[in-house]
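In the text below, chain A, chain B and the rest are named by the order of the sequence lines, each starting its count at 1.
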There are 2 protein chains.
Amino acid sequence: MAGGTASAPWKPLLLKALDSNSHLKHSAFFQLATIGSNGRPANRTVVFRGFQENCDKIQINTDVRSSKIEDIKRCPFGEICWYFTDSWEQFRISGRIDIINGSNSDPLKLQQREKAWFASSPKSRLQYLGPTPGLPVINENPGAENQLDSSAGPVDAFCLLILDPEQVDYLNLKSNERLMFTSRPSANGCKVWIFEKINP
Amino acid sequence: MAGGTASAPWKPLLLKALDSNSHLKHSAFFQLATIGSNGRPANRTVVFRGFQENCDKIQINTDVRSSKIEDIKRCPFGEICWYFTDSWEQFRISGRIDIINGSNSDPLKLQQREKAWFASSPKSRLQYLGPTPGLPVINENPGAENQLDSSAGPVDAFCLLILDPEQVDYLNLKSNERLMFTSRPSANGCKVWIFEKINP
């Protein structure tokens with residue numbers, strides 16, 4: 001089985017998995033692998049913040065002070081591993097990651113960042129006022145006094161990551177089926193996707 | 001908070017997390033990141049096959065024909081990201097990976113591989129008789145006729161991976177506490193661990 005298409009043919013599969021696992025809070029969590037500044041793999045759980053409007057790019061919020069930012073600046077590629085614990089489906093989504101922080105020069109990207117900020121909960125916004133992630137604790141009760149006006153825009157530490165999928169490896173452990181979706185750029189700047197059934 | 005110790009101080013935390021999440025089949029699953037042969041991060045779900053006897057090394061079974069073997073041969077480092085969905089705990093375990101396949105010259109390692117083979121279920125053993133993972137499907141009903149004597153030893157495709165932890169980043173999302181465990185080799189060939197409370 002193989003085919004070619006301009007819209008991302010794996011997206012309906014992913015939307016269906018999200019829907020059938022939506023009763024589980026952790027179904028919005030996936031693992032993002034990058035290459036660390038020491039040249040070794042790095043891997044952490046992050047939260048799916050939706051697709052970029054009308055496309056298949058995946059949004060992640062992060063703290064600009066976290067080490068994954070340094071990782072991505074050195075090597076702008078990542079692989080998401082997203083395992084759905086109820087439907088036994090795995091999506092490995094590989095692609096280039098764009099970092100959008102407050103100093104981005106593109107007004108459209110700054111707008112996307114602002115939108116992502118207001119889409120996140122007041123509680124998760126407060127995290128970005130806390131001390132630098134990964135540094136030793138010096139104050140046992142940090143940021144307890146921090147407050148944020150709900151209408152205030154993104155703080156400096158807030159960063160939007162956008163992963164642009166280039167390859168998606170889909171595995172269904174119930175049916176024991178695996179599909180490999182690969183893309184190539186087409187003449188008009190869009191991507192053309194092909195897919196193939198491969199051995200699990 | 002910081003301390004130094006010869007036994008791995010993160011292991012009791014991990015054993016406790018395994019215990020408190022043991023009602024969930026997927027609590028034995030974690031994501032293993034490696035560096036792919038294209039130099040980009042690779043990430044996939046694998047199954048925890050226990051610790052190596054009397055130590056803190058982590059065992060994973062895999063097919064010698066899977067692409068992660070090529071990855072690890074080129075760059076023998078990996079990072080496990082293990083998120084426990086019930087207790088909201090994350091362990092990021094980084095270390096060097098040893099590949100033990102049937103042609104290993106160390107009789108002790110071959111014994112470990114044999115032990116891992118017999119510890120796995122007859123159904124999972126059959127997988128190693130299937131077609132090469134990741135290659136296009138050419139036979140829609142592969143290996144349906146495969147059978148294995150339950151007393152037969154490991155087949156050629158069966159491979160044991162052993163990850164030797166060098167650093168463990170522990171995050172508890174309920175208490176919002178994070179601990180960084182780092183090791184260094186000591187004079188007697190063992191590891192000495194130190195740990196420190198860091199900002200989440």
In short, B/Pro133 meets A/Arg178 closest at the heavy-atom pair C-NH1, 4.1 Å

Side chain, backbone, both or neither: which part of A/Arg44 has a heavy atom under 4.5 Å from chain B? both

Within a strict 4.5 Å, meaning less than it, do heavy atoms of the B/Arg40 and A/Gln167 side chains meet? no

OG1 (B/Thr45) and CZ (A/Arg92) are apart, to the nearest 0.5 Å, by 8.5 Å

Going by heavy atoms in the side chains, are A/Gln127 and B/Pro200 under 4.5 Å from each other? no

If you group Ile, Leu, Val, Met, Phe, Trp and Tyr by side-chain heavy-atom gaps below 4.5 Å, do A/Leu14 and A/Tyr170 land in one group? yes

Does any heavy atom of chain B fall under 4.5 Å from the side chain of A/Glu177, the backbone, both, or neither of them? neither

Report yes or no: do A/Tyr128 and A/Val47 belong to one cluster of Ile/Leu/Val/Met/Phe/Trp/Tyr joined by side chain heavy-atom distances under 4.5 Å? no

Mind telling me whether A/His26 and B/His26 have parallel, tilted or perpendicular rings, with 30° and 60° as the class edges? tilted

Would you give the length of the straight line joining atom CG of A/Asn43 to atom CG of B/Asp169, rounded to the nearest 0.5 angstrom? 11.5 Å

In terms of hydrophobic clusters joined by side-chain contacts under 4.5 Å, are A/Phe51 and A/Ile93 together? yes

Would B/Leu24 and A/Phe84 show up in the same hydrophobic cluster when neighbours are defined by side-chain heavy atoms closer than 4.5 Å? no

Please check if atom NZ in B/Lys123 has more than 12 non-hydrogen atoms from other residues, nucleotides or ligands closer than 6.0 Å. no

Rounded at 0.5 Å granularity, tell me how far CG in A/Leu32 sits from CD in B/Gln31. 11.5 Å

Check this for me: B/Asp86, atom CG, are more than 12 non-hydrogen atoms of other residues, nucleotides or ligands nearer than 6.0 Å? yes

Between B/Trp88 and chain A, which part of the residue has a heavy atom less than 4.5 Å away: side chain, backbone, both or neither? side chain

Spacing of B/Glu79 atom CD and A/Ile35 atom CD1 [to the nearest 0.5 Å]: 12.5 Å

Are A/Val46 and A/Val64 in one and the same hydrophobic cluster, where Ile, Leu, Val, Met, Phe, Trp and Tyr link if side-chain heavy atoms are under 4.5 Å apart? no

Taking atom NZ of A/Lys115 as the centre, report whether more than 12 heavy atoms of other residues, nucleotides or ligands fall under 6.0 Å from it. no

Between atom CG of B/Asn38 and atom OG of A/Ser94, what is the distance when rounded to the nearest 0.5 Å? 7.0 Å

Against chain A, label B/Phe29 side chain, backbone, both or neither, depending on which of its atoms sit under 4.5 Å from a heavy atom there. side chain

